[in-house]
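What you see below is based on every heavy atom in this structure, not just the backbone, and it leaves out hydrogens, waters and symmetry mates.
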Amino acid sequence: MTHSSHQQELRDAARHTDRRRFLTVSGAAAALAFSVGLPAAGTASAREMHARQIGEDPFTLGVASGDPLPDSVLLWTRLAPRPFEPDSGLPQARVEVRWELARDERFTRIVRRGTALAHPEFHHSVHVEVNGLDSDRVLYYRFRTGQWTSPVGRTRTAPARSAHKRELTLAAVTCQAYHDGYFTAYKHLAQEDVDVVFHLGDYLYEYAVNAVGGARNYTDRTLPALFNRETTTLEDYRLRYALYKSDPDLRAAHAAHPFVVTWDDHETENNYAGDTSEDNLPPEEFLLRRAAAYRAYWENQPLRAPQRPTGPDMRLYRRLQYGRLAQFDILDTRQYRSDQAYGDGWQTPGPESEDPSRTITGATQERWLIDGWRHSRATWNVVPQQVTFARRRDVPTDAYKLSMDSWDGYTASRDRVLKGARSAGVDNLMVLTGDVHVSYGFDIKRDFDDPASRTVGTEIVTTSITSGKDGSEKPSNWNNLMQANPHLKFYNGRRGYAVVTLQERQARADFRTVSAVTTPGAPITTAASLVTEVGRQGLTPA
């Protein structure tokens with residue numbers, strides 16, 4: 001089937017589903033099933049294939065773990081002997097996969113083992129929730145099927161909720177456009193000693209990738225033409241994940257550390273807002289695309305069963321706790337937001353962007369966040385999310401503009417969240433952010449119009465893995481942003497990631513950067529290190 005005919009099939013599926021019914025979960029799920037020929041709920045109906053029939057390595061996309069709990073880990077893999085083919089080289093049949101979890105890399109001390117079925121309805125992905133484990137333990141895992149054994153992954157359970165853990169080290173990553181360069185930063189991250197990695201969105205991009213991999217400019221391979229188009233269908237999104245996960249550095253980072261993932265826009269479409277697409281397609285048509293994107297996201301990420309989507313809906317916001325040291329409230333600022341004010345982009349703020357009814361989280365998620373803070377006993381309350389939270393004026397004059405896609409375009413939402421943090425008694429608030437392809441260190445002010453007002457938290461914005469290509473240490477707007485925003489304490493435009501170490505008395509952010517991503521092999525450096533103290537928020541040089 002050609003791409004254009006599949007596009008038409010999607011439109012037909014949307015048109016043949018009553019709009020009112022489509023906007024319900026069941027209606028969208030039915031439309032998705034119609035368009036891709038899958039059971040609406042993803043129920044297993046296929047025959048079972050004997051794993052001995054698999055003649056090529058099915059573990060080409062590696063392994064991953066995610067969402068650590070004190071007594072449980074989530075293990076992931078996907079069988080794909082031929083990952084660049086729509087069916088990944090497997091028939092429409094179930095495949096039994098064996099898994100093992102051990103205390104050592106040689107698997108001489110097995111903790112748990114079992115079997116799982118890789119269903120064709122979920123593109124032969126495997127999500128194994130292993131329960132009954134000891135807290136705060138490093139563990140190793142692998143999968144087997146037929147004659148094949150996967151690479152070994154390393155994961156870790158969270159500390160017990162009552163544990164007084166003295167230190168926790170996390171990495172924050174975001175924005176990894178394959179066509180903008182090599183994932184060199186991930187090679188370095190795989191060698192870091194971190195407890196967990198938070199991916200803050202834009203795991204993939206919907207844009208076309210040409211035969212030479214864009215800025216990677218391959219001379220040793222030619223990518224299939226099926227990548228040289230925008231992703232709109234379930235098949236498109238599935239294949240794009242295969243392309244990204246074919247990268248050895250990304251696979252190495254997943255194998256080395258548990259990931260906690262949340263999306264931004266490009267996993268579906270640039271700057272979409274709720275059921276509103278960038279190009280203002282009819283909602284029933286766009287939600288069908290969103291349903292396909294969300295399904296492929298779940299299939300290819302280490303996510304637990306509660307995150308499995310139904311049609312165009314997927315509850316991605318969730319809470320993780322690391323002893324008494326840290327509570328993480330992972331947000332979704334795409335699925336429930338109001339449409340961007342003033343047509344999106346950088347605009348002069350006004351009544352539309354400041355409308356109290358506007359929301360970036362949706363009312364339910366906002367209440368969930370604030371209620372969670374009220375019950376938190378953690379020293380650090382950390383919010384991993386997508387777009388810049390602190391105010392960010394573009395110029396140091398009264399004629400400034402703000403980004404309507406960030407929290408600046410949803411000021412009432414930000415005010416409610418900060419008021420909620422204050423009423424809940426949150427003393428040490430930290431926001432982790434991606435999206436903007438640069439590193440920032442912000443103080444979060446009670447009143448951004450008054451630089452002398454109380455600092456109520458900090459925001460660590462991690463730069464991109466590749467998006468924006470090589471970047472520069474001081475982008476062209478460096479002076480304007482530093483002068484316009486006195487609460488901005490650090491700004492760097494190179495690629496890389498952030499490492500944050502939370503302790504009982506302070507937190508430290510190390511901004512790791514590489515000099516280039518358009519050529520492989522760049523070394524890693526620490527561009528800056530900032531600290532903030534418990535009970536005395538505000539970023540200062542380490």
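- Side-chain polar atoms of D355 and S357 form a donor-acceptor pair below 3.5 angstrom.
- Counting heavy atoms from C-beta on, the side chains of V499 and L170 never come closer than 4.5 Å.
- Side chains of V534 and D427 form no contact here, defined as non-hydrogen atoms less than 4.5 Å apart.
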Item to check | Full working for side chain to side chain contact (heavy atoms under 4.5 Å, CB included) between N428 and N381 | outcome: CA-CA 6 Å; N428 305 298; N381 285 277; over 6 Å; no
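- Between Y205 and Y244 the shortest heavy-atom distance is N-OH, 3.1 Å.
- At least one side-chain heavy atom of L133 sits under 4.5 Å from a side-chain heavy atom of R112.
- E192 and R512 are joined by a salt bridge, as a carboxylate oxygen and a charged side-chain nitrogen come within less than 4.0 angstrom of each other.
- A salt bridge links R290 to D313: one of the charged nitrogens lies within less than 4.0 Å of a carboxylate oxygen.
- Judged purely by distance below 3.5 Å, without hydrogens or angles, the side chains of N131 and E129 never pair a donor atom with an acceptor atom.
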Next on the checklist: Apply side-chain hydrogen bond (donor to acceptor under 3.5 Å, both in side chains) to residues T526 and D510 and explain how you reach the verdict.
Outcome noted: CA-CA 6 Å; T526 301; D510 295 304; 5.6 Å; no
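- Taking the six-membered ring for Trp and the full ring otherwise, the centers of F198 and F328 sit less than 6.0 Å from each other.
- With salt bridges taken as basic N to acidic carboxylate O contacts below 4.0 Å, none links E533 and R505.
- A293 pairs by the side chain to side chain contact (heavy atoms under 4.5 Å, CB included) definition with Y237, T268, not counting sequence neighbours.
- For the pair H257/R156, no side-chain contact is recorded, criterion being any heavy-atom separation below 4.5 Å from C-beta on.
- Just one residue in the list D339, D264, D202 forms a salt bridge (Lys or Arg N to Asp or Glu O under 4.0 Å) with R334, and that residue is D264.
- There is no side-chain donor-acceptor pair under 3.5 Å between R494 and T463.
- No side-chain heavy atom of T262 sits under 4.5 Å from any side-chain heavy atom of L331.
- For the side-chain contact (heavy atoms from CB on, under 4.5 Å) with I460, the qualifying choice from V431, T433, L539, L530 is L539, the only one to do so.
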Next on the checklist: Determine whether R304 and H127 satisfy the following criterion, side-chain hydrogen bond (donor to acceptor under 3.5 Å, both in side chains), listing intermediate values before the conclusion.
Outcome noted: CA-CA 7 Å; R304 293 177 180 269; H127 298 73; over 6 Å; no
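- Salt-bridge annotation for D332 and R315: absent, with no side-chain N of the basic residue lying under 4.0 Å from a carboxylate O of the acidic one.
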Next on the checklist: What verdict does the salt bridge (Lys or Arg N to Asp or Glu O under 4.0 Å) test give for E299 and R295, after you've listed the backbone C-alpha separation in whole Å, the side-chain angles of each residue and the deciding distance to 0.1 Å?
Outcome noted: CA-CA 6 Å; E299 289 173 347; R295 185 187 186 100; 3.4 Å; yes
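- For D447, the CG atom counts as densely surrounded, since its 6.0 Å shell holds more than 12 non-hydrogen atoms of other residues, nucleotides or ligands.
- Minimum heavy-atom separation, P451 to P486: CG-CG, 3.9 Å.
- Under a 4.0 Å N-O distance rule, the pair D394/K401 does not qualify as a salt bridge.
- Here the closest non-hydrogen pair linking L325 and L502 is CD2-O, 3.5 Å.
- When only modelled atom types and interatomic distance are considered, S403 and D408 share no side-chain donor-acceptor pair under 3.5 Å.
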Next on the checklist: Evaluate V461 against V436 for side chain to side chain contact (heavy atoms under 4.5 Å, CB included), listing each step before the verdict.
Outcome noted: CA-CA 8 Å; V461 181; V436 287; 3.6 Å; yes
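- In terms of the side chain to side chain contact (heavy atoms under 4.5 Å, CB included) criterion, residue partners of S413 (sequence neighbours excluded) are, by chain and number, T359, I360, E366, W407, Y410, R416.
- With a 6.0 Å radius and a threshold of 12 heavy atoms from other residues, nucleotides or ligands, K187 has its NZ atom at or below the threshold.
- Taking a 6.0 Å sphere around CZ of R166, one finds it holds 12 or fewer heavy atoms contributed by other residues, nucleotides or ligands.
- Not less than 6.0 angstrom separates the ring centroid of H199 from the ring centroid of W263.
- Within the 4.5 Å cutoff, the side chain of Y322 has no heavy atoms near those of the R161 side chain.
- T458 contributes atom OG1, which lies 8.5 Å from atom CG of L432 (distance to the nearest 0.5 angstrom).
- For the side-chain contact (heavy atoms from CB on, under 4.5 Å) with P258, the qualifying choice from V197, T155, D195 is T155, the only one to do so.
- If you check the side chains of T333 and Q385, you find no donor sitting under 3.5 Å from an acceptor.
- The ring pair (Phe, Tyr, Trp, His ring centres under 6.0 Å) search around F490 returns F511, not counting sequence neighbours.
- Between V387 and E459, the shortest heavy-atom distance links the atoms O-OE2, 4.2 Å.
- Legend: residues meeting ring pair (Phe, Tyr, Trp, His ring centres under 6.0 Å) with Y141, ordered by chain and number and at least two apart, are absent.
- Considering only heavy atoms from C-beta on, R318 stays 4.5 Å or farther from P306 through its side chain.
- With values rounded to the nearest 0.5 angstrom, R289 atom CZ is found 5.5 Å from T231 atom OG1.
- In this model, a donor atom of one side chain and an acceptor atom of the other lie less than 3.5 Å apart for D405 and Q340.
- Checking Q386 against D435 by side-chain atom types alone, no donor-acceptor pair falls below 3.5 Å.
- For the ring pair (Phe, Tyr, Trp, His ring centres under 6.0 Å) condition, the pairs that include at least one residue of residues 359-386, sequence neighbours left out, are Y317-W368.
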Item to check | Verdict with reasoning, R251 to V63, per side chain to side chain contact (heavy atoms under 4.5 Å, CB included) | outcome: CA-CA 7 Å; R251 293 200 309 271; V63 299; over 6 Å; no
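- With Q347 contributing its side chain and D344 its backbone, the two residues share a donor-acceptor pair below 3.5 Å.
- Nearest heavy-atom pair, A172 versus L200, reported as atom, atom and distance to 0.1 Å: CB-CD1, 4.1 Å.
- Among pairs with a residue in residues 434-453, those fulfilling ring pair (Phe, Tyr, Trp, His ring centres under 6.0 Å) read Y440-F442, Y440-Y491, F442-H487, F448-H487, at least two apart in sequence or across chains.
- Within the 4.5 Å cutoff, no side-chain heavy atoms of V456 are placed close to those of K445.
- For S125 (side chain) and F122 (main-chain N/O), a donor-acceptor pair under 3.5 Å exists by modelled atom type.
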Next on the checklist: side-chain hydrogen bond (donor to acceptor under 3.5 Å, both in side chains) for Q503 and E167? Distances and angles first, verdict last.
Outcome noted: CA-CA 5 Å; Q503 297 175 325; E167 183 174 293; 2.7 Å; yes
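- Across F143 and V128, no two heavy atoms sit closer than the pair CE2-CG2, 4.3 Å.
- A donor atom on one side chain and an acceptor atom on the other are not found under 3.5 Å apart for N485 and R392.
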Item to check | Steps toward side chain to side chain contact (heavy atoms under 4.5 Å, CB included) verdict (S467, Q176) | outcome: CA-CA 6 Å; S467 301; Q176 52 194 54; 5.6 Å; no
